[in-house]
Number of protein chains: 2
Amino acid sequence: MARERKRIDTAAISPLTVNRLSIYLRSLRRLLEEGVLRISSERLARRFNLSSAQIRKDLAQFGEFGVRGVGYDVAELVERLSSLLGLDRTHRIAIVGMGNIGTAIARFPAFNSGSFLVVAGFDNDPERIGRRIGPVVVRSTGELVDAIRETGARIGVIAVPADAALWVFARLAEAGVRAVLNFAPIALSTTAECRVKNVDLRVHLEELAFFLERPEGGVGV
Amino acid sequence: MARERKRIDTAAISPLTVNRLSIYLRSLRRLLEEGVLRISSERLARRFNLSSAQIRKDLAQFGEFGVRGVGYDVAELVERLSSLLGLDRTHRIAIVGMGNIGTAIARFPAFNSGSFLVVAGFDNDPERIGRRIGPVVVRSTGELVDAIRETGARIGVIAVPADAALWVFARLAEAGVRAVLNFAPIALSTTAECRVKNVDLRVHLEELAFFLERPEGGVGV
DNA sequence: TCATGTGAAGCAGTTCACAGCG
DNA sequence: CGCTGTGAACTGCTTCACATGA
């Protein structure tokens, strides 16, 4: 199946490209369900409003996936993108902070299907400790480092208040977590040991507020 | 207080800039609490690891906020950024889909404090309709258009499955919603009537999976 | 022939470095 | 003097357009 191998330095790939690969994969899976066997970058782009040149450039970074004059084999591309994205194994996830966001994440299908599995949840609140939320029984944050080492989770989710986030981040890194999805309203920075993806809902909301038409019809400063 | 007025075409401002304004505002509020009166772009940048040149460039798009040789007045800048971001009025929010994510959003402080207020929540599931979640009583999705018109919400949150998202988006636009935060795993596009911000948790998760170190130590394609 | 893969061009966003002003 | 505000340089991402090869 693999036509050639190409060594890729993942660090050299832009996150923007990787995000698009996810989108391509999702789109292709849809086509697969519909029974589409082959597709050109042009038709794929039109169908899911993407850019055909971008699709070709993105894929070309990782090898030659298509056949000139024909297009891409849908099943093969799904296979290759899955493997590229690291979805051919199971990633165990630990969630810290089982409030609104933490609870939603614990129960969210994308975090508990296919290649992802929530294996631990932590909170400070004695009310929550011991309760089952989604697939996990909530444990005390005090147990975090040991418990995560036991589970072998490599992905962490931070869903605690801003003032606790830095402390939690340090504990997660200490416990061997190598990637973090951070929902706390403070920008954490990727370190040598641990990559961070910040998701700041307040910032998103304020972006929308900014672009909402102004009552006076212009921005006065 | 306002030193000069400058008409700005908001459509010409990059979302990236707007997102940074949110971050600056949050940082400055923190300084305000600490009693800091004046700050230079350099010290602000060091404190919150930002870029000082970027801060100056971003602010300069909207007027002259600082004093040369001195820096910025913290209280004044907080005031100006708040107004710039449209946070000097209350934005009413409607949520469609009161599952895990919708529920978390309804209860999330950032969506129910300061300038934002959740005023309506909708779901199809008869089990959920009539139940109180956060500040709202869940209504049937069938009532969506009329109910949103009544409340006057201009911001919508889509937290429904992918196959319902397009339909919901059309109804929201019809009801007068002008900005949407979309959590459904399908990329909606901004239209003339309604701006979209897609937040795709699965894509974020797959990004982290991609950059996780590979078992074999390289990407084979 | 037809669609990929790809240099080259174009555009956007960031950083530099300093003139200008309080 | 010190820090802002800003043109100019730079970096990186996207789009174009076509040579290449099944």
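Just so it is clear, the structure is predicted and the values come from calculations on it, not from any experiment.
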J.: Using a distance-only test with no angle check, is there a side-chain donor-acceptor pair under 3.5 angstrom linking B/Arg56 and B/Ser41?
T.: yes
J.: On DNA chain D, check which nucleotide each of A/Gly69 and B/Ala53 is closest to and give me the residue with the more 5' one.
T.: B/Ala53
J.: Does any part of the side chain of B/Leu25, heavy atoms only, come nearer than 4.5 Å to the side chain of B/Val78, both counted from C-beta?
T.: yes
J.: Look at A/Ser14 and D/dC13 and indicate whether a side-chain polar atom (N or O) is within less than 4.0 Å of OP1 or OP2.
T.: yes
J.: Rounded off to whole Å, could you give me the CG-to-C1' distance for the A/Leu16 and D/dG12 pair?
T.: 10 Å
J.: Rounding to a whole Å, what distance do you find between A/Lys57:NZ and D/dA17:P?
T.: 13 Å
J.: For B/Leu59 and D/dC3, what is the distance between atoms CG and C1' respectively, to the nearest whole Å?
T.: 13 Å
J.: What contact category does A/Ser51 fall into here, base, sugar-phosphate, or nothing, at under 4.0 angstrom with non-hydrogen atoms?
T.: sugar-phosphate
J.: Just by modelled atom types, is the A/Glu174 backbone N or O under 3.5 Å from a matching donor or acceptor in the A/Arg149 side chain?
T.: yes
J.: Using C1' atoms of five pairs at each end, report the bend of the helix from C/dT1-D/dA22 to C/dG22-D/dC1 rounded to 10 degrees.
T.: 10°
J.: Hey, does the side chain of B/Arg26 reach the backbone of A/Pro185 with a donor-acceptor pair shorter than 3.5 angstrom?
T.: yes
J.: Among B/Ile8, B/Leu84, B/Thr17, which one satisfies side-chain contact (heavy atoms from CB on, under 4.5 Å) with B/Gln61?
T.: B/Thr17
J.: Does B/Tyr72 place a side-chain N or O at less than 4.0 Å from the phosphate oxygens OP1/OP2 of D/dG5?
T.: yes
J.: Within the distance-only criterion (no hydrogens, no angle test), does the side chain of A/Asn100 pair as donor or acceptor with the backbone N or O of B/Ile105 below 3.5 angstrom?
T.: no
J.: Mark yes or no: B/Arg80 above the aromatic ring of B/Phe62, with NZ or CZ under 6.0 Å from the six-membered ring centre and no more than 45 degrees from the axis.
T.: no
J.: So, OP1 or OP2 of D/dT15: does either fall under 4.0 Å of a side-chain N or O from A/Gln54?
T.: yes
J.: Rounded to whole angstroms, how far apart are CD1 on A/Ile55 and P on D/dC13?
T.: 18 Å
J.: Just the rounded figure in Å: distance from P of D/dT4 to CG of B/Asp58.
T.: 14 Å
J.: Any residue in residues 18-39 of chain B with a heavy atom nearer than 4.0 angstrom to DNA chain D? Just list them by number, or reply none.
T.: none
J.: Separation of A/Ile13 atom CD1 from D/dG12 atom P, in whole Å?
T.: 14 Å
J.: Taking only the side-chain heavy atoms of B/Ala60 (C-beta and beyond), determine which of D/dG5, C/dG7, D/dG7 contains the nearest atom.
T.: D/dG5
J.: Under 4.0 Å between a side-chain N/O of A/Ser41 and OP1 or OP2 of C/dA3, yes or no?
T.: no
J.: Quick one: side-chain hydrogen bond (donor to acceptor under 3.5 Å, both in side chains) partners of B/Lys197, sequence neighbours excluded?
T.: A/Glu207
J.: For A/Asp88, is there any backbone N or O sitting under 3.5 Å from a side-chain donor or acceptor partner on A/Ser115?
T.: no
J.: Measure from the side chain of B/Arg68, starting at C-beta and using heavy atoms only, and say which of D/dT15, D/dG5, D/dT6 lies closest.
T.: D/dG5
J.: Quick check: are there more than 12 heavy atoms from other residues, nucleotides or ligands sitting under 6.0 Å from CZ of B/Arg171?
T.: yes
J.: May I have the distance from B/Glu64 (atom CD) to D/dC3 (atom C1'), rounded to whole angstrom?
T.: 13 Å
J.: Take atom CZ of B/Arg56 and atom C1' of D/dG2, then tell me their distance rounded to the nearest Å.
T.: 11 Å
